[in-house]
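Keep in mind that what you see is a predicted model, and the values were worked out from it rather than measured. In what follows, every chain begins at residue 1, and chains take the letters A, B, ... in the order their sequences are listed. FYI, side chains are in, hydrogens and waters are out, and symmetry mates aren't considered; it's all heavy atoms of this structure.
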Amino acid sequence: MAIPFGLLLIPALWAVYQSLTNAALAGVEAIHPKFIGLQNYVTLLRDPGFRNSLSVSLKFLIWSALVGQFLLGMTAAVALRRNDLKMRDLFGAIILLPLAVPEIVVAFMWTSFLAPGEFGSLNRLLRFVGISASANWFYQYPLPSVILINIWRGVTFATILFLSGLQTIPTELEEAGAVDGGSPRQVFQYITLPLLMPVIFTYMILTTITTLSIFGLIYALTRGGPGGATEVVPIYMYNRAFQFYQLGYGSAVAVVMLIVALTLGFIYVRSLRVML
Amino acid sequence: MLMIVIIALGGTITPVVGQGLPTLRILVHQRPRIELVRQMVPMFEAIMMQRGRPVKVEIVEGPAPDPEYQTKLFVDLRAGTGADAFMVRNTFLPSAVEARYLLDLTDRLTAWRDWSTQFYPVLRNQVAVGGRIYSVPPGASVMLLFYRRDILQSLGISTAQPKTFDDLLNRAREIRQKSGKFAVLYPAGAQWGGGTFSEGFLLLMLGTKSPLYNGATGRWVVRSPGLLTVFKIYETLAKERLLPVDPLLAPQPWVPTKYRMFTAGDLLITTSGTWAWDFDWGPNGAAPLPGLFEKVATWELPGETEPYVLSIVSWSWAVNAASRQPDLAWEWVKFATSARGAAMWSGTIGAIAARRDAKIYAAYATKPHLIAQERSLLRGKFLHPASGIDRIAFFAAQATDGIITGRMTADQALDFFAREVTAALGTQAVESLPMR
């Protein structure tokens, strides 16, 4: 009890307190921070940079975690569950590989893969198959590039979670559905998916919280650029607190993020309870 | 969030001190500087041993990119784990002084004869904050326009000094028209960090007739005809594709622009400091350019009416105000900025030595292109660092980012700059000049 209290509650409460001050990493405010009430939050609401980062975070969450990782993870889990899948072990190993690679290595790997002009492996591959490509992926398609990379990295977690959920569903139920004339799609839609819902919601809660707090991967790939196109909220928060030295303002961003994550988590949990 | 809290609560963690000999921790970043300090440390330790004050120096390597280094420095200092001596960027001097991170060296410098007799007065002024001195520069730079003489000549384009902004823009248009290459680079955008200000924005701003800082009132000028001129130049450069915008939006934008495009001849003019001769394109630089002195030449910086040069102190040595051994740290600063130290620094980094007597050492005496610029250093304009300069630099970068990405016009960028700087510094710290 003391550890969660010490590591979670005290920092959170301190961040709330600090968000009500003009504390800074440099300048007079570093020595004499003043209590400024809700001024940081008022500024935050009017700040186009923060609104942009919220929008980027939302798109990043929806497309990379809730759509990309979910669909691919579910597809991979369903495929891996099939006994007749050829080279199942190899397929499983490939799916698991991204989770074994450290975040920064992933970033460097993809930076190299999507590098512009002839430096990029993807451009070279495309040229090899006869497509003349010299795209500058991180400039021309910054957010889609980052989303793609996060899908690649996160699909393992979704697969493992869904596969473990699928393996708890008695096969007799699905076989009975098939015997009663249900097509594979109908069996999946009306029997498998409803039974898998608790796992799906657990996945949604976990992936929402972890995706909203992703920092290192995007920072190493683009640092939030170009022009704020991939500046998710954690990067925006880092920039304000540690590049512009506004610790108070950065804390206000952190508190808002905490509230957003808690709210989403609460909604998921409530929905899950209603379903059960 | 936890990181912010730990830093905010900081101030209680003490650095480890080695057994026996006192240990002096020195923070330095970027490979050439680290290697240089590695060379200097044994000399310093030997000198201190001879004086009967043996010391062990521990080099702490900071992150290579300047913004990350500056962040680490301030985080360490705030948390009470800062090195005893370190290099601080001049634009961050005032805010570091206000945060009481730096030891006041004024009295020590007054007692050190070299300070008044050997260091150039223009540089002594540049590191003064509120009349006090907190850091000592080993070298300085003159900011210039570097151009590909070989390619301009082959294109039949004049290599005469462009005197005004209009001259430069017309020259850039001619380059674009005749070669299709990007013409000119003034660093812009958020990705270049502090360099957007000190290597781009400031070079245009000091060429205008408007001041950026009003020394008489002690206020920053956040709206002026000169500021609008600067933003309009950026707008023109971006709109007419004279400036390579895409690479400026990537992390470490100096790599694709100054290191790749300029050396490959795909970018023909760039701003830079005199360090570029060695640190950037020299044989041991980041992107060596064979035949450098035949292929590249320099112009002074064009202004609204006439060209000028800008002298800047980028980095200087400072002592942690919370150091447990300030006297030892001060000895290091004296050594690092001694005639030999300044010569080694200037020879390695490609800076102009901050002191007159550095020329007696071969490390600097063998750099005639740097020594030749000492006269420019003395007559160069400079911006005195005042409180809030880091915020000015930050919002200048943000405003230019808006312009080059097409999110803001020049007028909108001026409004943004005035609004954000005023919000950050307070109305009492800023003023506006009448627009023409």
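- Heavy atoms only, all atoms of each residue included: A/Ala24 and B/Arg78 are closest at O-NH1, 2.6 Å.
- Only the side chain of A/Tyr219 comes within contact range of chain B, with heavy atoms under 4.5 Å apart.
- Within a 6.0 Å radius of CZ in A/Arg127, other residues, nucleotides and ligands contribute more than 12 heavy atoms.
- Of the inter-residue distances, the one linking B/Glu68 atom CD with A/Arg223 atom CZ reads 4.5 Å to the nearest 0.5 angstrom.
- For B/Thr405, the part lying near chain A is the side chain, with the backbone staying farther off; criterion is any non-hydrogen pair under 4.5 Å.
- Within 6.0 Å of OH on A/Tyr17 lie no more than 12 heavy atoms contributed by other residues, nucleotides or ligands.
- Under a 3.5 Å cut-off, the side chain of B/Thr71 and the backbone N or O of A/Phe242 do form a donor-acceptor pair.
- For the residue pair B/Ala99 and A/Ala26, the shortest heavy atom distance occurs at CB-CA, 4.1 Å.
- For the side-chain contact (heavy atoms from CB on, under 4.5 Å) test with A/Leu25, the passing option among B/Val75, B/Leu77, B/Leu73 is B/Val75; the others fail.
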- Query: What do the steps show when you test B/Arg391 against A/Phe244 for side-chain contact (heavy atoms from CB on, under 4.5 Å), and what is the final call?
  - Reply: CA-CA 8 Å; B/Arg391 313 284 168 99; A/Phe244 195 31; 2.9 Å; yes
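- Put simply, CG on A/Leu247 and CZ on B/Phe74 are 12.0 Å apart, with the number rounded to the nearest 0.5 Å.
- Within the 4.5 angstrom heavy-atom criterion, no atom of B/Pro253 approaches chain A.
- For B/Arg260, the part lying under 4.5 angstrom from a heavy atom of chain A is the side chain only.
- For A/Tyr249, no part sits under 4.5 Å from any heavy atom of chain B, backbone or side chain.
- Taking a 6.0 Å sphere around CZ of B/Arg132, one finds it holds more than 12 heavy atoms contributed by other residues, nucleotides or ligands.
- Using a 4.5 Å cut-off between heavy atoms, B/Gln398 does not touch chain A at all.
- Of the atoms belonging to B/Phe416, not a single heavy atom falls under 4.5 Å from chain A.
- Within residues 27-41 of chain A, the residues that have a heavy atom under 4.5 Å from a heavy atom of chain B are A/Gly27, A/Val28, A/Glu29, A/Ala30, A/Ile31, A/His32, listed by number.
- B/Arg407 has its side chain out of reach of A/Pro48: every pair of non-hydrogen atoms, C-beta onward, lies at least 4.5 Å apart.
- Only the side chain of B/Asp401 comes within contact range of chain A, judged by heavy atoms closer than 4.5 Å.
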